[in-house]
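In what follows, a structure is listed as structure tokens, so that the remarks can point back to it.
The chains referred to below are lettered A, B, ... by the order of the sequence lines, with proteins before strands, and numbering in each begins at 1.
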Number of protein chains: 2
Amino acid sequence: MVTIYDIAKRANVSPMTVSRVINNSKQISESTRQKVQAVIEELGYIPNSAARSLISKKTKILSLLITDITNPFFTRVARGAEDKAKQFGYQILLSNTDEDFKKEEDYIDMLLSTNVDGVLLAPTGDQSKKNIKKLIKRDIPFVLLDREIEGIESDIVLGDSYEGTRKLIEHLIQQGHKKIALINGPLSVSTARERHKSYIETLKLSNLKVNHDLISEIGYNKDDADTIIKNLISLPKFERPTAIFAANNFIAVNAIKALRKFGYEVPKDMSIVCFEDFEPITGFNPFLTAAIQPAYSFGYTGIQFLIERIEGKAPKEYRKIVLSPEIVIRESSRLIKK
Amino acid sequence: MVTIYDIAKRANVSPMTVSRVINNSKQISESTRQKVQAVIEELGYIPNSAARSLISKKTKILSLLITDITNPFFTRVARGAEDKAKQFGYQILLSNTDEDFKKEEDYIDMLLSTNVDGVLLAPTGDQSKKNIKKLIKRDIPFVLLDREIEGIESDIVLGDSYEGTRKLIEHLIQQGHKKIALINGPLSVSTARERHKSYIETLKLSNLKVNHDLISEIGYNKDDADTIIKNLISLPKFERPTAIFAANNFIAVNAIKALRKFGYEVPKDMSIVCFEDFEPITGFNPFLTAAIQPAYSFGYTGIQFLIERIEGKAPKEYRKIVLSPEIVIRESSRLIKK
DNA sequence: CTGTTAGCGCCTTCAC
DNA sequence: GTGAAGGCGCTAACAG
């Protein structure tokens with residue numbers, strides 16, 4: 001391994017001078033700089049970042065802690081995060097929690113030991129508070145993504161769950177639906193609470209009665225929705241739903257799979273709408289009516305907030321940005337033929 | 001920050017003893033171990049990995065260098081990689097090259113400085129040889145992903161481009177197509193060369209003539225395919241293709257978009273097949289006929305090979321594994337109605 | 001503008 | 001079974 005000592009010897013200067021060159025110090029004559037630079041290139045020297053971190057306490061590594069990179073929402077978040085990070089010379093450490101508190105805890109411990117400079121995280125839910133406290137305790141800057149946690153103060157990038165839900169439900173109502181089911185994520189996650197609240201209030205505002213038999217809860221991740229769907233379609237005709245609002249893309253997909261299993265076609269026998277798109281490139285093969293969030297911006301802005309916080313360029317007050325979803329009407333909520 | 005010195009003082013032992021405890025050394029009495037362990041937990045001590053790396057030259061960080069996490073193929077690769085890495089206590093650094101040699105070079109330099117323990121990479125093409133030589137020069141273990149590079153010896157995880165292409169083309173021929181266009185990736189990438197070769201040979205074996213006007217090349221990434229499509233559909237009727245084989249999913253999507261722009265419907269006016277699926281969950285909304293590769297296994301096996309190599313558990317000979325795609329026939333290549 | 005000294009937190013080596 | 005000394009590669013602080 002080539003070190004500053006090797007460079008120093010060969011260039012006939014002190015190691016400190018080499019250090020100054022690689023750190024672009026101004027306090028150095030152009031001639032020595034060039035001399036040293038030449039040797040650096042000749043020997044292919046690359047600074048050892050472990051040694052640097054040991055002193056600076058900086059690693060230029062950020063952690064992106066999401067639930068599942070496989071979810072197109074988070075895929076695009078990750079891309080936005082990576083792009084912004086690269087601009088500022090940071091690298092991204094990727095972790096998937098699968099909505100699991102224990103995994104989240106494991107990763108938090110790992111990244112604490114790695115000494116990442118900051119964390120952009122979509123917490124698994126309110127229980128994450130305990131994990132986040134560890135970050136706070138060690139003064140690791142972090143930015144929350146997509147989900148709020150009561151009692152945790154931080155910069156945060158959110159989507160407008162309330163508005164998105166309202167518009168989706170209103171769309172269904174406009175299509176003539178009066179019995180709309182909600183398959184929600186866990187109420188321990190703030191987005192699920194918002195969507196629940198908006199669902200209820202939007203129905204009421206439209207003078208539709210809220211039937212609690214039509215509301216159910218399931219994991220945001222990859223649980224199958226067979227039982228829930230079975231229950232819904234087993235309801236007596238007068239309360240059986242004609243449309244479903246799924247709280248996210250995975251839930252929608254699992255619902256559709258379950259519906260198919262029981263012989264129901266979407267949208268012929270059941271309309272369905274949801275949050276989040278299901279494809280990495282929007283609009284290629286339109287099927288799901290959805291509230292599509294600007295996921296790339298979630299990641300991009302999140303990392304920007306984070307780096308500003310790390311580098312002391314952020315305002316003292318925490319920032320909260322709420323990004324609006326775009327409602328895209330597609331095949332899955334086509335008008336019911338009378 | 002809590003260090004081994006703080007622990008040592010509080011536990012009335014030497015720092016060295018603390019070091020032995022955190023490294024699970026056998027040379028230590030059960031009673032001191034417990035005493036020290038208690039203080040470690042009390043103070044919430046976490047080892048500083050920069051200091052450790054400085055000595056051990058290990059970081060427990062692996063680099064995953066892919067072209068674009070947004071491509072569902074690589075999304076699933078990343079998930080497989082991350083899962084395997086976690087099993088062995090490694091973390092994954094994610095980078096997107098966008099098929100760009102310069103970006104790849106940037107990242108290689110960054111990860112060299114980060115001292116990652118190893119790299120799993122999908123090279124941007126044959127030109128990557130120069131970048132890979134840097135890894136070799138510094139003895140960084142690496143495993144190639146999806147793409148071969150002549151003159152580079154390493155463990156490698158590949159898909160069977162030849163077989164996949166052959167089956168897709170044969171399927172089209174069976175559907176009655178005689179004029180099949182190829183929109184390929186850059187021939188500087190081994191997968192494109194394989195697909196090219198297989199396309200030609202399969203046509204010949206079926207006694208179909210190869211028309212070079214039907215063969216074109218485009219980026220694997222996100223270039224638009226308008227010009228190529230325009231050229232294809234402008235051909236005189238007797239040579240105009242009735243089906244397109246797109247070398248990957250993004251090319252297929254761009255081709256379909258272009259076709260739509262010019263008023264062509266898939267599959268009514270043009271059939272299309274490609275490599276790689278387009279959705280993160282296979283089979284939900286079937287449209288594209290595709291050779292679907294076991295992407296998760298690419299990542300999972302790649303990381304396994306890499307860790308074995310790093311930890312000296314790999315055989316001396318380099319391993320090459322070729323994973324077979326699954327051909328899934330769907331809407332986009334439906335039979336032509338006569 | 002350049003060099004010297006000391007130390008970041010930990011572990012290897014060698015004593016005891 | 002435990003501890004002291006020294007050094008991993010680099011840079012802050014000071015000296016010249």
Side-chain angles (χ1 to χ4, degrees), chain A residues 1-40 43-61 89 112-117 138-140, chain B residues 1-40 43-61 109-117 138-140:
Chain A
M1 164 176 260
V2 185
T3 73
I4 50 170
Y5 287 88
D6 302 316
I7 308 294
K9 211 174 295 175
R10 207 152 212 280
N12 273 314
V13 294
S14 76
M16 197 53 229
T17 302
V18 180
S19 173
R20 289 197 177 94
V21 172
I22 61 182
N23 288 294
N24 288 313
S25 161
K26 305 249 90 183
Q27 314 255 69
I28 203 167
S29 76
E30 193 48 33
S31 63
T32 32
R33 149 164 283 123
Q34 284 179 11
K35 185 173 59 178
V36 171
Q37 193 60 47
V39 180
I40 285 176
L43 301 190
Y45 166 78
I46 293 183
N48 178 324
S49 50
R52 285 180 147 179
S53 312
L54 194 54
I55 297 165
S56 68
K57 310 292 173 212
K58 297 285 174 209
T59 52
K60 285 282 187 174
I61 295 178
L112 243 32
S113 145
T114 307
N115 280 317
V116 299
D117 290 348
R138 282 175 206 276
D139 263 330
I140 313 278
Chain B
M1 164 176 261
V2 185
T3 73
I4 50 171
Y5 286 88
D6 303 316
I7 309 294
K9 211 174 295 173
R10 205 151 215 279
N12 274 314
V13 294
S14 76
M16 198 51 235
T17 302
V18 180
S19 173
R20 288 197 177 95
V21 172
I22 61 182
N23 287 295
N24 288 313
S25 162
K26 304 248 90 181
Q27 313 256 68
I28 204 168
S29 75
E30 193 48 34
S31 62
T32 31
R33 150 164 283 123
Q34 284 180 10
K35 185 173 60 180
V36 171
Q37 194 59 49
V39 180
I40 285 177
L43 302 189
Y45 166 79
I46 293 184
N48 178 324
S49 51
R52 285 181 145 180
S53 311
L54 194 55
I55 297 165
S56 69
K57 309 295 172 211
K58 297 284 173 211
T59 53
K60 285 281 187 175
I61 295 178
D109 287 346
M110 284 174 90
L111 63 87
L112 243 31
S113 146
T114 307
N115 280 316
V116 299
D117 290 347
R138 283 175 206 275
D139 264 329
I140 312 279

Distance, rounded to the nearest Å, where [X] contributes [atom1] and [N] contributes [atom2]:
{"X": "A:Met16", "N": "C:dA6", "atom1": "CE", "atom2": "C1'", "value": "13 Å"}
{"X": "B:Lys26", "N": "D:dG1", "atom1": "NZ", "atom2": "P", "value": "11 Å"}
{"X": "B:Arg138", "N": "D:dG9", "atom1": "CZ", "atom2": "C1'", "value": "14 Å"}
{"X": "A:Ile22", "N": "D:dT11", "atom1": "CD1", "atom2": "C1'", "value": "9 Å"}
{"X": "A:Ile4", "N": "C:dT2", "atom1": "CD1", "atom2": "C1'", "value": "14 Å"}
{"X": "B:Asn23", "N": "D:dT2", "atom1": "CG", "atom2": "C1'", "value": "15 Å"}
{"X": "B:Leu112", "N": "D:dG9", "atom1": "CG", "atom2": "C1'", "value": "16 Å"}
{"X": "B:Leu54", "N": "D:dG6", "atom1": "CG", "atom2": "P", "value": "18 Å"}

Give a yes or no on whether a donor-acceptor pair under 3.5 Å exists between the nucleobase atoms of C:dG3, that is its base, and the side chain of A:Arg20. yes
What about B:Tyr5, does its side chain sit under 3.5 Å from the base of C:dC10 through a donor-acceptor pair? yes
How is [X] classified with respect to the nucleic acid when contacts are heavy atoms under 4.0 Å: base, sugar-phosphate, or nothing?
{"X": "B:Pro15", "value": "nothing"}
{"X": "B:Thr32", "value": "sugar-phosphate"}
{"X": "A:Ile7", "value": "nothing"}
{"X": "B:Ile28", "value": "sugar-phosphate"}

Should [X] be listed as having a side-chain N or O under 4.0 Å from OP1 or OP2 of [N]?
{"X": "B:Lys57", "N": "D:dG9", "answer": "yes"}
{"X": "A:Thr3", "N": "D:dC8", "answer": "no"}
{"X": "B:Thr17", "N": "D:dG3", "answer": "yes"}
{"X": "A:Asn48", "N": "D:dC8", "answer": "no"}
{"X": "B:Arg52", "N": "C:dG9", "answer": "no"}
{"X": "B:Ser19", "N": "C:dC11", "answer": "yes"}
{"X": "B:Ser53", "N": "D:dC8", "answer": "no"}

Under 4.5 Å between any side-chain heavy atoms of A:Tyr45 and A:Ile4, yes or no? yes
Which of C:dT4, D:dA12, C:dG9 is nearest the side chain of B:Ala51? It is C:dG9
Would you mind telling me which of D:dT11, C:dG9, D:dG9 lies closest to the side-chain atoms of B:Ile55? C:dG9
Taking atom NZ of A:Lys57 as the centre, does the number of heavy atoms from other residues, nucleotides or ligands within less than 6.0 Å exceed 12? yes
Rounded to the nearest 0.5 Å, how far does CZ of A:Arg52 lie from OG1 of B:Thr114? 10.5 Å
State the CG-CZ distance between B:Asn24 and B:Arg33, to the nearest 0.5 angstrom. 6.0 Å
Looking at B:Ser113, is its backbone amide N or carbonyl O close enough to the side chain of A:Ser49 to form a donor-acceptor pair, meaning the two atoms are under 3.5 Å apart? yes
With distance as the sole test, does B:Ser25 use its side chain to make a donor-acceptor pair with the main-chain N or O of B:Gln27 at under 3.5 Å? yes
